[in-house]
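Report on the structure given below.
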Amino acid sequence: MTFSLRVPANFNLRSTITSHGWCVLAPFSSDRDLGTLRLLLRPNGGKPIPVSVSQKTAAAIAVTSESTLPASAQNSVSQLLRSILRLDEDYSEFYVESKRQSGYRWVERAGAGRLLRAPTVFEDVLKMMCTTNCSWALTEVMVANLCRRFGEEGEDGRHAFPTPEAIADSTEKYIRKEIRAGYRSPYILELARNAASRKIDLESWRQSSLPTQQLYEEVGSVKGIGPYAAGNILKLLGRYDYLAIDSWCRKKFFELHTGGKKRTDKFIERRYEPLGKWRGLFFWLEVTKDWYNGQKAAWD
DNA sequence: GGTAGACCTGGACGC
DNA sequence: GCGTCCAGGTCTACC
């Protein structure tokens, strides 16, 4: 069955899919031209079902499921997609600011800014942990292994991202050997156990009223989450005050602004300070602008 | 508060 | 095929 979901005026599905690497980490996937997002969703917390999303018109996206969904499941899938695709977040202030800044006028035309996120904060945090201190190829391996070993199987044979409970009963030794997570293994286990026992309420972070600095400190208090990971997690929570500089961004910044000459992170941070609470998003869009090159001609 | 070394894996490279 | 080196963030101990 296929049903449609209304989207905001400036929404662009392709830009959201390509906003960062989540679209290729299991259980997400996309088609070759990055126009369709495939994912496994648990409507009402139930069994995972495969869903694909594509955009045929500016006003709506088409949501397709192989099976017929009852109204409550359809409603739940819609709610999950609204959160994953950031449909309910207001970017009008960001777009006004982007038009004031030279070098960012393409942003609104591209419908860029909405960063794809997982159905749960737990999934976002665990995946972010798997991006630290390794190649992207290894991140893909670790996340795929987490799904394969701990995730419930969906109707199409793919595995959903595991719940905290599914990992909590495991052992550090098993995670090292089967997930290939190395020294991250105790951190993964601790996070899953703390989330499963409600010692930490990760899911409340998306609605948190804490000041951003305080939320950043809470996110950073998770073992295995340092400044880079915490800054990126905050972006997925809708807070863009931190740049979350990693080696790739650093290199890209030097290429764009210093002729390849290395500078300190403080130097980079000072450059984006005038962009206020949106600086993390401006920074990310600037260093990843090349990703949009294929579509840019249509936007300019 | 700042710094050094350890952590673990996969890829690149030389033999 | 094997061994060595390096890159990639975070944690911990130490100054």
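In what follows, chains are A, B, ... by sequence order, proteins preceding strands, each numbered from 1. Excluded from the calculations below are hydrogen atoms, water molecules and symmetry mates; all remaining heavy atoms, backbone and side chain alike, are included.
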Q | Of residues 244-269 of chain A, the positions that come close to DNA chain C - non-hydrogen atoms, cut-off under 4.0 Å | A | Asp246(A), Ser247(A)
Q: Return each pair, listed once, that meets ring pair (Phe, Tyr, Trp, His ring centres under 6.0 Å) where at least one residue sits in residues 32-79 of chain A; pairs must be two or more places apart or across chains.
A: none
Q.
Distance under 4.0 Å to a non-hydrogen atom of chain A counts as contact; along DNA chain C, which nucleotides mark the start and end?
A. dG8(C) to dT12(C)
(Q) Among residues 123-134 of chain A, which ones have heavy-atom contacts with DNA chain C below 4.0 Å? (A) Thr132(A), Asn133(A), Cys134(A)
(Q) Any carboxylate oxygen within less than 4.0 angstrom of a Lys/Arg side-chain nitrogen, looking at Asp156(A) and Arg38(A)? (A) no
Q: Provide the full list of ring pair (Phe, Tyr, Trp, His ring centres under 6.0 Å) pairs with a residue in residues 32-67 of chain A, sequence neighbours left out, each pair given once.
A: none
Acceptor/donor pairs from residues 128-147 of chain A side chains to any protein atom, 3.5 angstrom cut, sequence neighbours excluded:
from, atom 1, to, atom 2, distance (Å)
Thr131(A), OG1, Met128(A), O, 2.6
Thr131(A), OG1, Tyr228(A), OH, 2.8
Thr132(A), OG1, Met129(A), O, 2.8
Asn133(A), ND2, Tyr183(A), OH, 3.1
Ser135(A), OG, Leu138(A), N, 3.2
Thr139(A), OG1, Cys130(A), O, 2.7
Thr139(A), OG1, Ser135(A), O, 3.4
Asn145(A), OD1, Arg148(A), NH2, 2.6
Asn145(A), ND2, Val141(A), O, 3.3
Asn145(A), ND2, Glu178(A), O, 3.3
Asn145(A), ND2, Ile179(A), O, 3.3

Q.
I'd like to know if the side chain of Arg114(A) and the backbone of Arg86(A) have a donor-acceptor N/O pair within less than 3.5 Å.
A. yes
Q: Show the numbers, then the answer: is there a side-chain contact (heavy atoms from CB on, under 4.5 Å) between Leu237(A) and Val121(A)?
A: CA-CA 8 Å; Leu237(A) 298 173; Val121(A) 177; 4.3 Å; yes
Q) Should Leu202(A) and Leu191(A) be marked as a side-chain contact (heavy atoms from CB on, under 4.5 Å) after you check the CA-CA gap, both sets of side-chain angles, and the distance that decides it? A) CA-CA 10 Å; Leu202(A) 299 171; Leu191(A) 178 69; 3.9 Å; yes
Q) Side-chain contact, heavy-atom cut-off 4.5 Å: Phe11(A) with Leu85(A)? A) yes
Q. Can you name the residues that form a salt bridge (Lys or Arg N to Asp or Glu O under 4.0 Å) with Arg271(A), not counting sequence neighbours?
A. none
Q) Can you check whether Thr36(A)'s main-chain N or O pairs, donor with acceptor, with Asp31(A)'s side chain at less than 3.5 Å? A) yes
Q) Going by heavy atoms closer than 4.0 Å, what residues in residues 224-237 of chain A are next to DNA chain C? A) Gly224(A), Ile225(A), Gly226(A), Pro227(A), Tyr228(A), Ala229(A)
Q) Under 4.5 Å between any side-chain heavy atoms of Ile84(A) and Leu116(A), yes or no? A) yes
**Q.** Those residues of residues 166-187 of chain A lying under 4.0 Å from DNA chain B by at least one heavy atom
**A.** Arg176(A), Arg180(A), Gly182(A), Tyr183(A)
Q.
Taking ring pair (Phe, Tyr, Trp, His ring centres under 6.0 Å) as the cut-off, I'd like each qualifying pair that reaches into residues 13-32 of chain A, sequence neighbours left out, listed once.
A. His20(A)-Trp22(A)
Q. With a 4.0 Å cut-off, would you call Glu190(A) and Arg193(A) a salt bridge?
A. no
Q.
I need the Arg149(A) CZ to Tyr174(A) OH distance, nearest 0.5 Å.
A. 5.0 Å
Q | Ion pair Glu165(A)/Arg198(A), N-O distance below 4.0 Å | A | yes
Q. With a 4.5 Å limit on heavy-atom distance, are the side chains of Gln74(A) and Met1(A) in contact?
A. yes
Q. Pairs in or reaching into residues 59-96 of chain A: which pass ring pair (Phe, Tyr, Trp, His ring centres under 6.0 Å), with residues at least two apart or in two chains?
A. Phe94(A)-Trp278(A), Phe94(A)-Phe282(A)
Q.
Roughly what angle, to 10°, lies between the helix axis at the start of the helix from dG1(B)-dC15(C) to dC15(B)-dG1(C) and the one at its end, five pairs per end?
A. 30°
Q) How many Å lie between CH2 on Trp136(A) and C1' on dT9(B), as a whole number? A) 16 Å
